[in-house]
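Report on the structure given below.
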Amino acid sequence: MRVYLDNAATTPLDKEVFEVMAPFMLEHYGNPSSIHAHGRQVRAAIEGARKTVAGLINASPSEVFFTSGGTEADNLAIICTVKSLGIKHAISSPLEHHAVLHSLEVLEKNGEVELTMLRVDAAGALDLAHLEATLSAQPRTLVSLMHANNELGNLNDLQTISEICQKYGAVLHSDTVQTMGHYRHDVQALGANFLVGSAHKFHGPKGVGFIYVDSAIKIHPLIQGGSQERNMRGGTENVYGIIGLAKALEIAYRDMDEHHRHIQGLKDRMITKLREQIEDVQFNGLSAEGDKSLYTVLNVSLPASEMNEMLLFNLDINKVSASGGSACTSGVDLGSHVLRAIGADMERGNVRFSFSKYNTADEIDYAVATLAKLYQKETV
């Protein structure tokens, strides 16, 4: 048995998704910018996919733009908002994904924005009073705050954040990569200006994502070179990726309640069994706090041990795939910037388990038993 518990990094492709993608790999190969029949057929499929995504998030199709993934979408929202709207101040948090943090840090380094980082507590909860106080002093601001943290699983109160931003006329971008396809989003009710999705986080293909851009916001493109995506993103569209993304999101919405119940049950099972089998097990952030965290993510803190330096390696050789944090920083041994920001004990063994609809109770039991065996060996 090999157990895959790194679904926050990427998810397996759904067979239903592959089935709708395959014809656009092999048969429907026209360039969607071409005016002949081959091109028109593909263009119609892309626009059908756009309409599907827009309908699911309650947006207009003209507000949905396809990208290469979440990182490009985050960059587009942040960089183009600052450059197009002349915004000189941005607010974010030290817990954001590097796609957000690095974009803002480059803008700050170049003198294009003043950057304010919100205070966070030891559980990773954002100080929204700090957000409101900062906006009241500098209302013409870009606010970039994720819906859920990809490492801790903490859910932020995006509705309240949006209401605060609207009160002061701030532009709100939210990295919703970890919640898109797992929670329902209604952009009309929410009132955010930018939301982001990445297909491979909800059983779609890699290399494709989308961004919702509020029609009231007029920004220039990030990538030049063509009139694709209504002049917002140059380059021939990733046709079968877009088709797959729309189908994956459609399936996610269709089966969301069932999958939520199943995955939450697996997470609860792991929490219970870890507490039973490993002494002094803890959970980082709000990871084990029910509705305060993603049902797909559990960030586990294990007792201090020499073995912790090789924890992920030992899990891997015992056929359990898990992660220490964001997959985008794998191979860079700097530790988690998220755990450091909340003051977590870096001497402990910190590992992120993340679940999908394909995981089973037997896999959870095997992963916990493997961890317990490793720590029993350490204490013998």
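All figures in this text were calculated on a predicted structure; none of them were measured in a lab. Heads up: numbering here begins at 1 and tracks the sequence.
- Between G285 and I342 the shortest heavy-atom distance is N-CD1, 4.2 Å.
- Between L101 and P94 the shortest heavy-atom distance is CD1-O, 3.9 Å.
- Checked against the 6.0 Å centroid threshold, Y295 and Y183 count as a close aromatic pair.
- Neither side chain, E289 nor S293, offers a donor N or O lying under 3.5 Å from an acceptor on the other.
- Side chain to side chain, D280 and Q282 meet the donor-acceptor criterion of an N or O pair below 3.5 Å.
- Each of I217, V213, L195, V100 was scored for a side-chain contact (heavy atoms from CB on, under 4.5 Å) with H173, with one residue passing: V100.
- Stacking of R230 on the aromatic ring of F65 is recorded, both the 6.0 Å distance cut-off and the 45° axial limit being met.
- Counting all heavy atoms, side chain and backbone alike, L135 lies closest to V143 at CD2-CG2, 4.1 Å.
- Here salt bridge (charged side-chain N to carboxylate O under 4.0 Å, His left out) pairs that include residues 79-100, with residues two or more places apart or in two chains, are K83-E112.
- Taking Ile, Leu, Val, Met, Phe, Trp and Tyr as members and joining any whose side-chain heavy atoms lie under 4.5 Å apart, directly or through other members, the hydrophobic cluster of I317 also contains M310, F313.
- For the residue pair E250 and T52, no side-chain donor N or O sits within less than 3.5 Å of a side-chain acceptor on the partner.
- Checking E132 against S136 by side-chain atom types alone, no donor-acceptor pair falls below 3.5 Å.
- Atom CG of residue L5 and atom OG of residue S323 lie 11.0 Å apart, to the nearest 0.5 angstrom.
- A salt bridge links D6 with R352: the closest approach of a Lys/Arg side-chain nitrogen to an acidic carboxylate oxygen falls below 4.0 angstrom.
- Note on E258 versus K357: no salt bridge recorded, every NZ/NE/NH1/NH2 to OD/OE distance being 4.0 Å or above.
- The two residues L128 and T160 come nearest to each other via the heavy atoms CD1-CG2, 3.9 Å.
- Side-chain N/O atoms of Q277 and Q376 include no donor and acceptor closer than 3.5 Å.
- In this structure, D316 pairs ionically with R2, as a charged nitrogen and a carboxylate oxygen lie closer than 4.0 Å.
- Between H98 and H337, the gap from one ring centroid to the other is short of 6.0 Å.
- The closest side-chain donor-acceptor pair between D214 and N193 falls under 3.5 angstrom.
- Ring geometry, H185 versus H147: the interplanar angle exceeds 60°, so the pair is classed perpendicular (tilted spans 30 to 60°).
- The shortest distance between side-chain heavy atoms of F210 and I242 does not fall below 4.5 Å.
- Side-chain contact, N350 with N284: a donor N or O sits under 3.5 Å from an acceptor N or O.
- Minimum interatomic distance between T11 and G204 (heavy atoms only, all atoms of both residues): OG1-N, 4.4 Å.
- Shown here are the side chain to side chain donor-acceptor pair (under 3.5 Å) partners of R184, two or more places apart in sequence or in another chain: D257.
- A perpendicular orientation is assigned to the rings of H36 and H38, their planes being inclined by more than 60° (bins at 30° and 60°).
- Note that the CE atom of M117 and the OG atom of S92 stand 5.0 Å from one another [nearest 0.5 Å].
- At a cut-off of 3.5 Å, with distance as the only test, a side-chain donor of H89 or T116 sits close to an acceptor on the other residue.
- The pair K51-E47 does not meet the salt-bridge criterion, since no charged nitrogen lies less than 4.0 angstrom from a carboxylate oxygen.
- Counting only heavy atoms from C-beta outward, the side chains of S84 and K218 never approach each other to under 4.5 Å.
- No side-chain N or O of Y212 forms a donor-acceptor pair with one of N58 less than 3.5 Å apart.
- Ion pair E63/R50 not flagged as a salt bridge, since none of the NZ, NE, NH1 or NH2 atoms sits closer than 4.0 Å to an Asp/Glu carboxylate oxygen.
- For the residue pair N359 and N7, a side-chain donor N or O sits within less than 3.5 Å of a side-chain acceptor on the partner.
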#### Entry: Derivation of the side-chain contact (heavy atoms from CB on, under 4.5 Å) call for D365 and K273
CA-CA 8 Å; D365 293 351; K273 287 186 173 291; 3.0 Å; yes
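- Between R254 and E16 a salt bridge is recorded (basic side-chain N to carboxylate O distance below 4.0 Å).
- The number of heavy-atom neighbours closer than 6.0 Å to CG of N110, taken from other residues, nucleotides and ligands shown, is above 12.
- Here the two rings, on Y358 and H203, have centers that are under 6.0 Å apart.
- Of all heavy-atom pairs spanning Q188 and A59, the tightest one is NE2-CA, 4.3 Å.
- Judged by distance alone, the side chains of T296 and H182 never bring a donor and an acceptor atom under 3.5 Å apart.
- With rounding to the nearest 0.5 angstrom, the CG atom of D74 is 7.0 Å from the OG atom of S103.
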